[in-house]
Amino acid sequence: MIMSVDFKKIEKKWQERWEKARLFEANPDEREKFFITAAFPYLNGVLHAGHLRTFTIPEVVARFQRMKNRNVLWTFGYHVTGTPILGLAELIKNRDEKTIWAYTQLHGIPEEDLLELTTPEKIVEYFSKKAEEAFKRMGFSLDWRRNFKTSDEVFTKFIEWQFYKLKEKGLIVKGSHPVRYCPSCDNPVEDHDILIGENATLVEYTLIKFTTEDNCIMPMATLRPETVFGVTNVWVNPEATYVKAKVYLEKETDKGVKLIDNGIWIMAKECAKKLKHQNRKIEIIEEFKGEKLVGKKVKNPITGKEVPILPAKFVKTNIGTGCVMSVPAHAPYDYIALRDLGLVDKIGLIPLIKLPNYGKFPAKEIVEKMGIKSQEEEDKLEEATKKIYKEEFHKGVLNENCIGYEGLAVREVKDKLTKDLIEKGLAEIMYEFSEEKVVCRCGCPCMVKMVKGQWFIKYSDEKWKELAHKCIDRMKFIPENLRQVFHEKIDWMKDKACVRRRGLGTKFPFEEGWVIESLSDSTIYPAYYTIAKYINQYNIKPEQLTLTLFDYVFLGKGNIDEIEKETGISKDIIKNMREEFLYYYPVDWRCSAKDLIPNHLTFYIFNHVAIFPEEHWPRGIVVNGYVTIEGKKLSKSKGPVLPVLEVAEKFGADVGRFYITTCAELPQDADIKFKEMENTKKVLERIYFLTKEVADRKKTEKVNEELTYIDQWLLSVLNKAIKQYSEFMDNFELRKAGILIYQLLDNLKWYKRRGGDNLNVLEEFLEVLIKLMCPFTPHICEEMWEMLGKEGFVSTSKFPNVNEDFINEEIEKGEEYLKAVIEDIKEIINVAKVKPRKIYLYTADDWKYDLLKIIKENEGKTIKELMPIIMKESKFRKYGKEIPKVVNQLIKNNAELINEVKVLENAKEFLKREFDVEDVIINGEDKANKKRHALPFKPAIYLE
RNA sequence: GCAGGGGUCGCCAAGCCUGGCCAAAGGCGCCGGACUUAAGAUCCGGUCCCGAAGGGGUUCGGGGGUUCAAAUCCCCUCCCCUGCACCA
């Protein structure tokens with residue numbers, strides 16, 4: 001007969017009972033609170049295996065903390081703002097084949113349902129229902145009264161408030177920013193719009209404004225602005241086309257774009273074309289070949305030095321301005337070009353960087369060392385350039401030629417110098433792609449375009465960053481190395497464009513026609529959870545949620561009577577909201593997968609520190625790794641997806657929960673293997689039937705109250721496990737907690753093998769085991785709890801106390817010892833190929849125990865230090881030769897001091913059974929002179 | 001390039017912080033045994049090499065070092081993964 005458990009039936013039964021008992025609704029009380037959140041899901045599909053992992057982790061922890069008598073707030077919202085849902089609606093409306101395939105085949109949506117989803121609203125409605133169903137089927141212990149979608153009008157009022165707060169602090173600013181742009185499509189392009197060069201990033205070139213004799217500006221494009229101190233000449237490409245043009249800067253003001261006269265520039269024709277898109281208006285005056293410039297002089301704006309314009313074919317006009325500074329002391333290209341012209345001596349080299357292991361002129365040195373002959377050897381030149389660049393960047397220090405910057409490291413000076421030059425009006429920034437070719441899907445080459453009139457959140461603000469760092473210093477991170485990662489992300493953060501022209505979202509309150517971008521509207525929403533219950537239950541209208549109300553609830557500002565009048569919300573409710581916020585905030589733990597580190601989680605910290613007082617800053621972040629399925633990466637469009645509902649259907653909620661949280665350590669990527677999931681199911685079934693057996697036997701059998709040796713051992717192991725489990729769970733080490741459960745099952749196996757069968761002990765064991773398993777597999781645990789005749793829900797039962805009295809190291813070591821003895825006997829049987837009739841066991845001589853005692857008393861000492869201590873005692877002298885060897889072995893074997901004879905005597909019958917021998921003789925006649933080999937914790941063995 | 005993570009006995013994966021209980025947990029796979037009419041499940045045992053007494057040998061990406069002792073600490077080196085933004 002195949003024994004199986006109807007998981008689905010059990011799950012349904014308990015989910016209904018929990019819901020009826022409103023078991024997981026959280027309300028403030030006198031207990032300690034525990035507020036845990038996960039980054040809510042974006043609903044352009046069903047919840048998948050990745051969500052399952054990220055959400056089940058906090059779910060399990062929430063259940064654990066609840067059993068620890070914490071008042072746990074654990075709930076969810078749905079993220080629906082942004083463009084993907086909009087895009088999906090269009091695809092479905094257009095009956096896009098690929099989309100229909102993916103959603104019917106991978107997401108498991110029936111085609112007739114899917115084809116209906118032609119508007120964003122329908123999609124949101126449909127997938128939020130699906131998500132709720134998935135959460136419920138998995139037995140999540142959520143407070144559903146607090147659920148919301150980011151498109152809810154009441155929620156958008158909250159986002160509006162958030163933006164007013166940021167604006168008040170000067171953190172919402174208007175400006176322009178560079179994007180990758182296709183002139184043919186007249187649209188910014190995203191990664192997936194790009195045919196060639198999708199990895200291209202934007203690179204900032206510094207344009208240093210040299211001036212010609214007739215007062216024109218010749219901007220030198222460079223990635224190494226610090227080398228301006230060593231310019232000996234400048235290069236132009238004699239064959240390329242250059243222009244002279246009037247340049248204006250387009251400056252944004254509240255009243256629109258203002259043009260500022262920026263002088264007359266000389267630059268490559270291509271450059272002029274590009275700069276038009278980068279906040280500059282350009283009127284071309286004349287066009288000419290580069291050779292026309294050769295021989296003229298320009299003035300270095302930093303050093304004031306006049307240098308000649310020389311021709312060089314290596315100068316590219318498709319990058320930068322087509323005008324290049326020549327720094328032959330440090331740039332191999334420049335040195336070679338100068339040498340090719342035969343002008344090295346005449347022009348001279350100006351060193352500006354001191355570099356260890358190099359002389360005054362690193363470029364000259366490396367060119368000579370590599371034997372580069374001319375400009376034609378481009379590969380070698382590239383290599384030399386890279387090498388020098390790298391070394392100078394990491395190890396170089398500016399020398400005395402760099403007035404005002406001497407002594408600074410190259411890596412530090414770059415940004416500073418650029419900033420200084422821009423401030424003084426001596427330089428500007430120009431953007432280029434990091435790759436030469438970037439082509440749009442339409443086939444047209446892309447360019448960099450400055451988008452004007454964009455609104456930003458000013459994450460670059462130094463004071464703001466300081467607060468964020470401060471917050472990070474105080475937070476807890478799991479894993480701990482995240483702290484450093486976040487510090488770095490904060491430093492690296494620049495302003496973020498926070499509004500869009502299309503997509504779902506909150507209307508931007510400070511200018512018509514914009515929608516708040518979707519990463520910016522989901523930063524402080526855990527605060528909303530604390531009051532969502534009131535908004536949902538009392539059906540509070542969006543217009544009642546005024547700025548002053550939120551100010552009062554979240555910041556404690558304002559007069560409650562006036563707010564009552566203004567909003568029409570009763571004073572009691574407002575007060576409750578405020579109190580509930582104060583009770584639950586801050587968030588104790590925020591959980592997410594690692595993809596949200598550089599964006600959402602960083603914004604989460606930023607926005608909290610900007611808006612809330614310190615006591616409400618985030619306390620902790622937990623980040624888990626990704627999920628793969630049978631080694632394959634998840635993909636919403638190509639599969640595999642493994643919807644959560646499919647897991648519930650095929651394996652059951654408990655199996656899915658337990659497996660996904662324990663199959664990999666938290667920061668590691670987890671690979672789902674269906675075979676292993678099946679095994680998890682079998683384990684749960686075995687526990688179920690074991691419980692059933694014990695429950696049944698309890699009804700009829702008499703219980704032996706007396707505790708045997710092995711009963712005591714099991715209770716010791718059990719109580720120790722409670723302790724360890726608790727520590728693991730506090731630290732989100734769910735896999736370790738899971739392994740502990742498996743180990744307990746192994747212990748139980750051993751207990752039975754050793755003849756343990758005390759019903760009271762078994763029941764005690766199961767009761768604890770069920771409680772330890774409950775956060776992971778709550779349904780089957782409730783079922784077993786009921787089976788054992790326990791009161792109430794195990795889900796809300798108290799976590800077991802550790803009974804220190806039962807923890808018995810001596811007994812545990814004894815069993816460890818016994819297992820080792822069995823191993824040894826087996827080994828001998830194996831190697832000697834004997835089938836013994838009798839087993840003789842000999843424990844060590846007393847002096848060896850004395851030795852062990854000394855070793856134990858001097859733990860931490862090295863062997864070298866140990867020897868004199870031992871030899872001081874005369875009784876050891878006669879074993880002098882043997883002592884070092886024995887000491888070594890004792891340390892190596894990790895020997896323990898226990899009453900070995902007692903353990904062996906107690907296990908005599910057991911050993912006889914195990915090895916099927918007539919007799920086990922302890923310290924009997926010394927057969928074959930074996931006894932002398934005995935060591936403490938490692939008896940001598942003779943088989944007959 | 002910068003930053004973070006990783007490379008362990010067929011595969012997956014612990015151990016590394018806090019050096020000796022490490023030939024290195026656990027799972028999968030494979031082999032053998034018990035149970036069974038049989039299969040499955042379960043239980044027991046084996047799974048780097050050698051070994052007729054519990055032992056020995058060679059292993060933890062590669063090279064070097066520290067130490068009585070290194071998978072674990074230090075230095076160098078090779079390889080893999082992820083992120084570097086306006087996309088959720």
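Throughout, protein chains are lettered first and strands after them, A, B, ... in sequence-line order, and every chain is numbered starting at 1.
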Contact between A:E815 and A:R754 at the side-chain level, heavy atoms closer than 4.5 Å - yes or no?
yes
Assign A:D746 to base, sugar-phosphate, or nothing according to its heavy-atom contacts below 4.0 angstrom with the strands shown.
nothing
Within the 4.0 Å heavy-atom criterion, would you say A:A940 contacts the bases, only the backbone, or no part of the nucleic acid?
base
For B:G83, the Watson-Crick or wobble partner whose two distances fall under 3.5 Å:
B:C2
Pairwise P distance, B:A41 and B:G55 [rounded to whole Å]
35 Å
Provide the distance between the two C1' atoms, one in B:C84 and one in B:C9, to the nearest whole Å.
38 Å
Provide the distance between the two P atoms, one in B:G26 and one in B:U47, to the nearest whole Å.
12 Å
Remember a base hit wins even if backbone is also touched, and classify A:Q743 as base, sugar-phosphate or nothing at under 4.0 Å, heavy atoms.
nothing
Please classify the nucleic acid contact of A:H600 as base, sugar-phosphate, or nothing, using heavy-atom distances under 4.0 Å.
nothing
Where the side chain of A:E676 is concerned, which of B:G27, B:G54, B:A85 is the nearest nucleotide?
B:G27
Classify A:P939 by what it touches in the nucleic acid, base, sugar-phosphate, or nothing, heavy-atom distance under 4.0 Å.
base
Using atom P in both nucleotides, what's the gap between B:G10 and B:G4 to the nearest angstrom?
31 Å
Base, sugar-phosphate, or nothing for A:E823, non-hydrogen atoms under 4.0 angstrom?
nothing
Distance between the C1' atoms of B:A13 and B:G27, in whole angstroms?
8 Å
A:Y725 and A:F776 aromatic ring geometry - parallel, tilted or perpendicular at 30°/60° bounds
perpendicular
So for A:K675 and B:C28, does any side-chain atom that can act as donor or acceptor lie under 3.5 Å from a complementary atom in the base?
no
Quiz item: cation-pi between A:R500 and A:W514, 6.0 Å / 45°
no
Contact class for A:K594 vs. all strands (heavy atom < 4.0 Å): base, sugar-phosphate, or nothing?
nothing
By the 4.0 Å heavy-atom rule, please label A:N599 as base, sugar-phosphate, or nothing.
base
Under 4.0 angstrom, heavy atoms only, what part of the nucleic acid is A:I829 near: base, sugar-phosphate, or nothing?
nothing
May I ask you to verify if any side-chain N or O of A:R686 is less than 4.0 angstrom from the OP1 or OP2 atom of B:C43?
yes
Quote, to the nearest angstrom, the P distance that separates B:C48 from B:C22.
16 Å
Does A:N481 reach a base, just sugar-phosphate, or nothing at all? Heavy atoms under 4.0 Å.
sugar-phosphate
List, one per line, each side-chain donor-acceptor pair under 3.5 Å for residues 732-741 of chain A, sequence neighbours excluded.
{"residue": "A:E733", "atom": "OE2", "partner": "A:K736", "partner atom": "NZ", "Å": "3.3"}
{"residue": "A:R735", "atom": "NH1", "partner": "A:T662", "partner atom": "O", "Å": "3.1"}
{"residue": "A:R735", "atom": "NH1", "partner": "A:C663", "partner atom": "O", "Å": "3.0"}

When the P atoms of B:G5 and B:C17 are considered, how many whole Å apart are they?
16 Å
Per atom distances to the A:E827 side chain, the nearest of B:G55, B:C12, B:U42 is B:G55
Taking the same atom, P, in B:A23 and in B:C60, what whole-Å distance lies between them?
14 Å
Of all the nucleotides listed (B:G54, B:C44, B:G27), which has the minimum atom distance to the side chain of A:K749?
B:C44
Under 4.0 Å, heavy atoms only, any strand: does A:Y742 hit a base, just the sugar-phosphate, or nothing?
nothing
Could you check whether A:D669 gets within reach of a base, just the sugar-phosphate, or nothing at all, counting any heavy atom under 4.0 Å?
nothing
So which of A:N624, A:D669, A:T54 actually passes side chain to side chain donor-acceptor pair (under 3.5 Å) with A:K594?
A:D669
How would you label the contact of A:K813 with the nucleic acid (heavy atoms, under 4.0 Å): base, sugar-phosphate, or nothing?
nothing
Taking pairing as Watson-Crick or G-U wobble with both contacts under 3.5 Å, can you name the mate of B:U47, or confirm there isn't one?
B:G29
